[in-house]
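Below, read A as the first sequence line, B as the second, and so on, with proteins coming before strands; counting in each chain starts at 1.
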Number of protein chains: 2
Amino acid sequence: MIITKAGRRMFPAMRVKISGLDPHQQYYIAMDIVPVDNKRYRYVYHSSKWMVAGNADSPVPPRVYIHPDSPASGETWMRQVISFDKLKLTNNELDDQGHIILHSMHKYQPRVHVIRKDCGDDLSPIKPVPSGEGVKAFSFPETVFTTVTAYQNQQITRLKIDRNPFAKGFRDSGRNRMGLEALVESYAFWRPSLRTLTFEDIPGIPKQECRDLKTDYIFPKLDNLVCRQTKLS
Amino acid sequence: MIITKAGRRMFPAMRVKISGLDPHQQYYIAMDIVPVDNKRYRYVYHSSKWMVAGNADSPVPPRVYIHPDSPASGETWMRQVISFDKLKLTNNELDDQGHIILHSMHKYQPRVHVIRKDCGDDLSPIKPVPSGEGVKAFSFPETVFTTVTAYQNQQITRLKIDRNPFAKGFRDSGRNRMGLEALVESYAFWRPSLRTLTFEDIPGIPKQECRDLKTDYIFPKLDNLVCRQTKLS
DNA sequence: GGCTTTACACCTAGGTGCGAACTT
DNA sequence: AAGTTCGCACCTAGGTGTAAAGCC
């Protein structure tokens with residue numbers, strides 16, 4: 001994922017569906033992004049692989065993206081697809097825009113947090129998400145990504161250009177379309193567009209309903225990861 | 001003010017400052033728009049006057065614009081200028097976009113409502129604002145306006161074009177600039193840009209602080225009103 | 001005739017990857 | 001050499017009044 005000083009959106013954006021909440025209870029929904037491991041990576045061009053290049057840089061200030069619809073009732077949250085498209089990433093450790101601060105060339109994983117309103121007193125954009133009763137975190141293996149300041153991998157660049165409306169200006173209309181389609185197809189998880197994963201109980205919430213967290217519009221290992229290296233172009 | 005089927009913003013937008021709230025109490029802030037009288041108007045071109053043209057049309061469905069930052073603490077509300085720039089007006093009585101429905105060729109006045117959160121259970125975008133304990137309404141004589149579907153008055157058109165960034169394409173750069181400035185100047189209330197008006201007590205709120213509602217960026221009788229007819233161009 | 005609707009050119013505001021320049 | 005920064009052309013998305021057409 002591209003990170004810049006000014007802040008850059010993620011593409012694709014994380015989108016999520018939640019069920020199993022108490023319809024009449026108020027919740028905050030938030031996202032943070034945590035390191036996958038303690039390593040720094042570099043992209044080895046000739047082998048088309050990300051390889052360990054030492055230990056991770058020193059930790060960055062904690063940041064939390066609180067979904068702008070927060071707080072809202074369980075009913076409201078469950079009725080919609082919850083999109084994190086306004087979340088921005090930065091590599092500026094002195095950022096004062098409330099963006100999520102990350103190191104380049106590291107691997108990260110977004111986490112979705114569901115926080116009962118009465119347990120959210122400590123929730124802040126610049127403090128770690130509180131844990132305990134009434135707070136639950138979810139993460140998805142297919143949303144791991146690697147941060148970069150410039151793409152390392154032509155397939156990913158093509159994928160971004162072809163799927164992101166804001167990059168339309170870089171498409172070579174028509175030509176190479178087949179290559180792209182094939183690339184997309186090579187990710188089994190790209191379809192179907194709506195997945196369902198288990199949503200474990202939130203402490204303090206009635207347990208009788210099934211609890212699912214659905215991610216719609218996959219956000220897979222899309223970004224400069226070796227598994228994206230296919231035989232295409 | 002222009003109203004359309006699809007919905008049109010007000011320009012200038014209503015902007016307001018509030019003080020005297022309980023910093024730790026939660027409030028909703030909302031706006032509705034009420035008729036000034038029971039009349040319908042028409043613009044008489046040769047005399048440059050709005051004149052009564054019969055009784056008002058039948059009432060429209062009630063709509064309330066709930067400020068998107070709602071609910072928030074008194075501290076949060078008081079720290080910022082509260083802008084209603086996303087509010088939209090429509091003449092479509094069947095509107096389902098949550099816009100405020102008005103009749104064309106009528107006079108209206110916006111009202112700002114401050115609602116203690118625990119008194120806001122009945123607050124809804126499609127019901128009249130509740131009244132009673134913990135709810136307070138404010139309105140300002142200089143914000144009265146007349147609705148139109150097309151401007152009736154060249155001075156107002158010029159004012160809109162020159163002050164609204166989105167209408168820049170219609171400015172004749174440089175030429176007639178003097179005429180516009182003089183027109184603006186002719187409204188004493190245009191400067192200073194921040195006014196202070198008395199904010200009466202909200203029932204149930206401690207009374208010890210001075211209570212002001214400040215309107216910044218005047219929203220005066222800007223729209224097709226006879227007082228805007230000056231000697232300029 | 002008076003008012004409303006519609007498509008439109010022209011803006012603001014801001015999200016893209018690019019490629020040259022810069023840094024280390 | 002490898003990674004980062006910056007200005008940019010090119011988009012999306014949507015807010016303006018206009019002028020012609022439509023409505024009653």
Side-chain angles (χ1 to χ4, degrees), chain A residues 1-13 40-46 51 53-54 57 85-93 97 99 102-106 146-173 223-224, chain B residues 1-13 40-46 51 53-54 57 85-93 97 99 102-106 146-173 223-224:
Chain A
M1 208 64 69
I2 294 268
I3 58 179
T4 67
K5 191 172 170 186
R8 205 80 154 184
R9 291 186 176 179
M10 294 201 277
F11 185 86
R40 159 179 266 277
Y41 288 83
R42 68 189 183 90
Y43 189 74
V44 181
Y45 196 78
H46 69 83
M51 307 194 72
D57 297 338
D85 57 332
K86 299 242 183 348
L87 179 156
K88 287 188 177 181
L89 310 180
T90 184
N91 58 351
N92 178 10
E93 304 198 28
Q97 307 297 300
H99 302 148
L102 301 177
H103 282 128
S104 188
M105 314 305 274
H106 290 237
T146 306
T147 45
V148 294
T149 57
Y151 293 128
Q152 308 287 310
N153 172 320
Q154 185 56 46
Q155 279 84 348
I156 291 309
T157 305
R158 176 95 110 293
L159 202 48
K160 304 269 186 176
I161 288 175
D162 226 82
R163 311 302 285 202
N164 190 328
F166 291 109
K168 201 181 207 174
F170 299 102
R171 293 182 196 159
D172 40 41
S173 37
D223 210 36
N224 289 316
Chain B
M1 206 66 66
I2 295 269
I3 59 179
T4 66
K5 191 171 169 188
R8 206 80 156 182
R9 290 186 178 179
M10 294 202 277
F11 185 86
R40 157 180 267 277
Y41 289 83
R42 68 189 183 91
Y43 190 74
V44 181
Y45 196 78
H46 68 82
M51 306 196 71
D57 297 338
D85 58 332
K86 299 245 184 345
L87 179 157
K88 288 189 176 180
L89 310 179
T90 184
N91 58 352
N92 178 10
E93 305 198 27
Q97 307 297 301
H99 301 149
L102 301 177
H103 281 128
S104 188
M105 314 305 275
H106 290 237
T146 307
T147 45
V148 295
T149 57
Y151 292 127
Q152 307 289 308
N153 172 321
Q154 185 55 47
Q155 280 84 347
I156 291 310
T157 306
R158 177 94 110 292
L159 202 49
K160 304 267 187 178
I161 288 175
D162 225 81
R163 311 301 285 201
N164 190 328
F166 291 109
K168 201 181 207 175
F170 300 102
R171 293 183 196 158
D172 40 45
S173 37
D223 211 36
N224 289 317

Student: The criterion is side chain to side chain donor-acceptor pair (under 3.5 Å); which residues satisfy it with A/Asn92, sequence neighbours excluded?
Tutor: none
Student: A/Lys168: what forms a side chain to side chain contact (heavy atoms under 4.5 Å, CB included) with it, not counting sequence neighbours?
Tutor: A/Arg171
Student: Strictly under 4.0 angstrom, non-hydrogen atoms only: write out the protein contact profile of nucleotides 13-24 of chain D, one letter per nucleotide from the 5' end, B, S or -.
Tutor: -BBBBS------
Student: Go through the steps for A/Arg8 and A/His99 under the test side-chain contact (heavy atoms from CB on, under 4.5 Å), then give the verdict.
Tutor: CA-CA 9 Å; A/Arg8 205 80 154 184; A/His99 302 148; over 6 Å; no
Student: Check for a donor-acceptor pair, side chain of A/Thr146 on one end and backbone N or O of A/Met105 on the other, with a separation under 3.5 Å.
Tutor: no
Student: Taking all non-hydrogen atoms of both residues, which atom of B/Thr4 and which atom of B/Thr90 are closest, and how far apart?
Tutor: O-OG1, 2.8 Å
Student: Can you tell me the distance, in whole Å, between the CG atom of A/Asn153 and the P atom of C/dC18?
Tutor: 12 Å
Student: Can you tell me the distance, in whole Å, between the NZ atom of A/Lys168 and the C1' atom of D/dA9?
Tutor: 16 Å
Student: What is the distance from CG of B/Asp57 to P of C/dC3, rounded to the nearest Å?
Tutor: 12 Å
Student: In B/S/- notation, 5' to 3', how is nucleotides 1-7 of chain D contacted by protein heavy atoms closer than 4.0 Å?
Tutor: --SBBS-
Student: In this structure, which one of B/Val148, B/Thr149, B/Ile156 forms a side chain to side chain contact (heavy atoms under 4.5 Å, CB included) with B/Gln152?
Tutor: B/Val148
Student: In chain order, what residues pass the side chain to side chain donor-acceptor pair (under 3.5 Å) check against A/Arg40, with sequence neighbours excluded?
Tutor: A/Asp57
Student: In terms of the angle between their ring planes, are B/Tyr43 and B/Tyr45 parallel, tilted or perpendicular, with boundaries placed at 30° and 60°?
Tutor: perpendicular
